2 protein chains.
Amino acid sequence: MTRSEENYLKTIFHLGGGDSKSITTNAIAEQMETKPSSVTDMAKRLSEKGLVDYVRYQGVSLTDAGVKTALSIIRKHRLWEVFLVKKLDFTWDEVHEVAEQLEHIKSEKLIDKIDELLDFPKYDPHGDPIPTKDGKFQERDEKLLSEIPINSQGVCVGVKDSSVPFLKFLDKNKIALGNTIKVMDKEDFDNSLRIQMEGKEMRISHQIAANLYVKKND
Amino acid sequence: MTRSEENYLKTIFHLGGGDSKSITTNAIAEQMETKPSSVTDMAKRLSEKGLVDYVRYQGVSLTDAGVKTALSIIRKHRLWEVFLVKKLDFTWDEVHEVAEQLEHIKSEKLIDKIDELLDFPKYDPHGDPIPTKDGKFQERDEKLLSEIPINSQGVCVGVKDSSVPFLKFLDKNKIALGNTIKVMDKEDFDNSLRIQMEGKEMRISHQIAANLYVKKND
DNA sequence: ATTTAAATTTAGACAAAACTAAAAATAGAT
DNA sequence: ATCTATTTTTAGTTTTGTCTAAATTTAAAT
Ligand SMILES: [Mn+2]
Ligand SMILES: [Mn+2]
Ligand SMILES: [Mn+2]
Ligand SMILES: [Mn+2]
C-alpha cells in the first residue's frame with residue numbers, strides 16, 4: 001500500500017463508495033484536488049490490486065478489501081486526532097493536517113497502543129466516530145441543529161463542516177461539543193435560530209445550524 | 001524535502017559527513033542498502049539544492065544547511081523513540097523501525113509538544129544524545145566497557161550496536177542502561193571480561209563489552 | 001435520430017527514485 | 001610510467017504518480 005493508494009481509498013470511502021455505490025472519477029478528482037485523468041490511472045491500479053471495482057466510464061466502488069483498508073486509515077486518522085488534542089494540547093482546528101500524515105504510519109502495535117493510551121475513544125475531536133479494529137462504527141442518532149423543532153434541545157456532538165474557519169468561528173463563539181443547546185425560535189425570513197446554550201441566549205445563522213450535529217435528549 | 005532526501009542526509013551525517021569530511025558514494029550505498037549509482041543520482045540532486053557539496057569521484061559532505069536538516073531528522077527520530085518507550089511501553093528493540101517512519105512527519109509544533117510531554121529528554125533509549133532545537137548535542141564523557149581498566153567501574157549509558165539481536169541479548173542477561181558495572185578481571189586469551197553488575201558477577205565476551213558505553217564514575 | 005455538451009479515457013511527457021550494464025576515473029602495484 | 005583492480009559515474013530502463021492535450025464515450029436536448 002502506497003500513501004497515494006491509501007489516500008484514494010479513503011476519499012472513495014468518504015464519497016460513499018463503501019456501499020458498492022459507484023463514484024465518478026470526476027468527483028474523486030475534485031475532492032483530491034487532482035485531475036480526472038490521474039484518477040483513471042489510479043482506478044486501474046487499485047482495480048488490478050483488487051481494492052476497487054472499476055467500470056470504464058462508470059466509476060469505482062470499494063471491494064471488501066478496499067473498505068477494510070479505508071477503515072483502517074480512517075481509524076488511524078481519527079485516533080491520532082484525539083491523541084493530538086488530548087495529550088499534546090492541539091486545538092481541533094490544528095489536528096487534521098498532521099493526522100493526514102500520521103494516518104500513513106505502518107505499525108499495528110503503535111495504533112493499538114495509542115488507542116489504549118486514550119482509553120479507547122469512540123469519537124474524534126470533531127465528533128466523527130472512530131471505527132473499531134474490526135471495522136465497526138459507533139452509530140449515533142444525531143440530527144443537524146437546523147432540523148430539530150422549536151423548543152426541543154440536544155447536546156452538540158459533532159460538526160458537519162470541519163474546516164479551519166468554521167472551527168475557529170465556533171471557538172470564538174464558545175460553541176463546543178458537549179454543550180446543551182435549546183432551539184428557542186426560528187426566523188422564517190433567513191432561517192436563523194435563536195438558541196439557548198449554557199445559560200446564555202444567542203442568535204446563529206442557518207449556515208451555522210446546518211453544520212452542527214446534536215443528539216436530542218428527549 | 002522528500003523522505004528519500006532526508007534519509008540520505010541522515011546517513012551522510014551518521015557516516016561523518018557533518019564535519020566537511022567527504023563520504024564516498026559506496027559507503028553511503030552500503031549503509032543504505034542501495035546501489036552506488038543511485039547514490040550518485042541523489043548526490044547531484046542534493047548538491048543542486050545546496051544541501052551537500054559533491055565532487056565527482058571524491059564523495060559528498062554536508063553543507064551547513066544539510067547538517068541542520070540532518071540534525072532535525074535525528075532529533076525527531078530519537079524523541080519518537082523515547083516517546084514509544086516511555087509512553088507506549090515499546091521495548092528498546094522495537095522502536096527504531098517505527099521511528100524511521102515517524103521521523104519524517106512534518107510539524108514543528110508536534111515534535112516540540114512531544115519533547116515537552118517527555119520533559120525534554122537528553123538521550124534516547126539506546127543512550128544516543130538528542131540534539132536540541134538549535135542543533136546542539138549533549139556531549140558526554142563515555143568509554144567502551146572494553147576499554148576501561150580492571151577494577152574501575154562505571155554506569156552503563158549507551159549501546160554502540162543497537163541491532164535487535166544485541167538489544168534482546170542484553171535484555172535476556174539483565175544488562176540495562178543505568179546499571180553500574182565494575183570490571184573485575186580480563187582474560188588475556190579471548191579478551192572476555194569478568195564483571196560485577198548489580199550485585200551479581202558474570203562473564204561477558206569482548207564483543208559485548210566493545211558495544212557497551214559506560215560513564216566512569218571516578 | 002442527430003447533434004451537442006459534458007464527462008471520461010487514452011496517449012504521450014515528466015519527475016523522483018530506484019535498478020543494470022557499460023564506460024570512465026582513480027589508486028595501487030609493478 | 002604502465003598496467004590493473006576497484007571505485008564511481010553514465011546511459012538507458014522501470015515504477016509510481018502526476019500532468020496536458022487529444023480522442024472517445026455518455027447523456028441531454030433538439
Ligand atoms: Mn481529520
Ligand atoms: Mn476528524
Ligand atoms: Mn533508531
Ligand atoms: Mn536510537
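Note that these values count all heavy atoms, side chains included, but never hydrogens, waters or copies made by symmetry. Since the structure is predicted, the reported quantities are computational estimates derived from the model, not experimental observations.
Atom NZ of Lys35(B) is separated from atom C1' of dT10(D) by 17 Å (rounded to the nearest Å). Rounded to whole Å, atom P of dC19(D) lies 11 Å from atom CD of Glu33(A). When the P atom of dG17(D) is taken as reference, atom NZ of Lys44(A) falls 15 Å away, rounded to whole Å. Nucleotide dT7(D) holds its P atom 15 Å from the CD1 atom of Ile28(B), rounded to whole Å. Asn7(B) places its CG atom 9 Å from the P atom of dA18(C), with the value rounded to the nearest Å. The distance from atom NZ of Lys49(B) to atom C1' of dA15(C) is 11 Å, rounded to the nearest whole Å. Going from atom CE of Met42(A) over to atom C1' of dT9(C) covers 16 Å, rounded to whole Å. Rounded to a whole Å, the OH atom of Tyr8(A) is 14 Å from the P atom of dT16(D).
The side chain of Arg56(B) places an N or O atom within less than 4.0 Å of a non-bridging phosphate oxygen (OP1 or OP2) of dT10(D). Between Tyr54(A) and dT9(C) there is a side-chain N or O to OP1 or OP2 distance below 4.0 Å. In this model, the phosphate group of dT20(C) is not approached by any side-chain N or O of Ser37(B) to a distance below 4.0 Å at OP1 or OP2. One finds no side-chain N or O of Thr24(A) lying less than 4.0 angstrom from the OP1 or OP2 phosphate oxygen of dA7(C). Close to dA17(C), at under 4.0 Å from its OP1 or OP2, lies no side-chain N or O of Ser38(B). Checking the phosphate oxygens (OP1, OP2) of dT10(D), no side-chain nitrogen or oxygen of Thr40(B) falls inside 4.0 Å. Close to dT16(D), at under 4.0 Å from its OP1 or OP2, lies no side-chain N or O of Arg45(A). Applying the 4.0 Å criterion to OP1 and OP2 of dT10(C), one finds that Tyr57(A) has every side-chain N and O outside that range. Close to dT18(D), at under 4.0 Å from its OP1 or OP2, lies a side-chain N or O of Ser4(A).
For Phe83(B) and Phe83(A), the distance between ring centers is under 6.0 angstrom.
Position along DNA chain D of the nearest nucleotide to Thr34(A) versus Gln58(A) favours Thr34(A) as the more 5'-ward residue.
Across dC19(C), dT7(D), dC19(D), the shortest atom-to-atom separation from the side chain of Asn26(B) is found for dT7(D).
Under 4.0 Å is where a charged nitrogen must lie from a carboxylate oxygen, and between Lys160(A) and Glu142(A) no such pair does.
Residues Leu117(A) and Lys86(A) have side chains not in contact (no heavy-atom distance under 4.5 Å, counting atoms from C-beta outward).
Distance alone, capped at 3.5 Å, is enough to place a donor-acceptor pair between the Asp161(A) side chain and the Ser163(A) backbone.
By the neighbour-count criterion of 12 heavy atoms within 6.0 Å, atom CG of Asp64(A) is sparsely surrounded, having that number or fewer from other residues, nucleotides or ligands.
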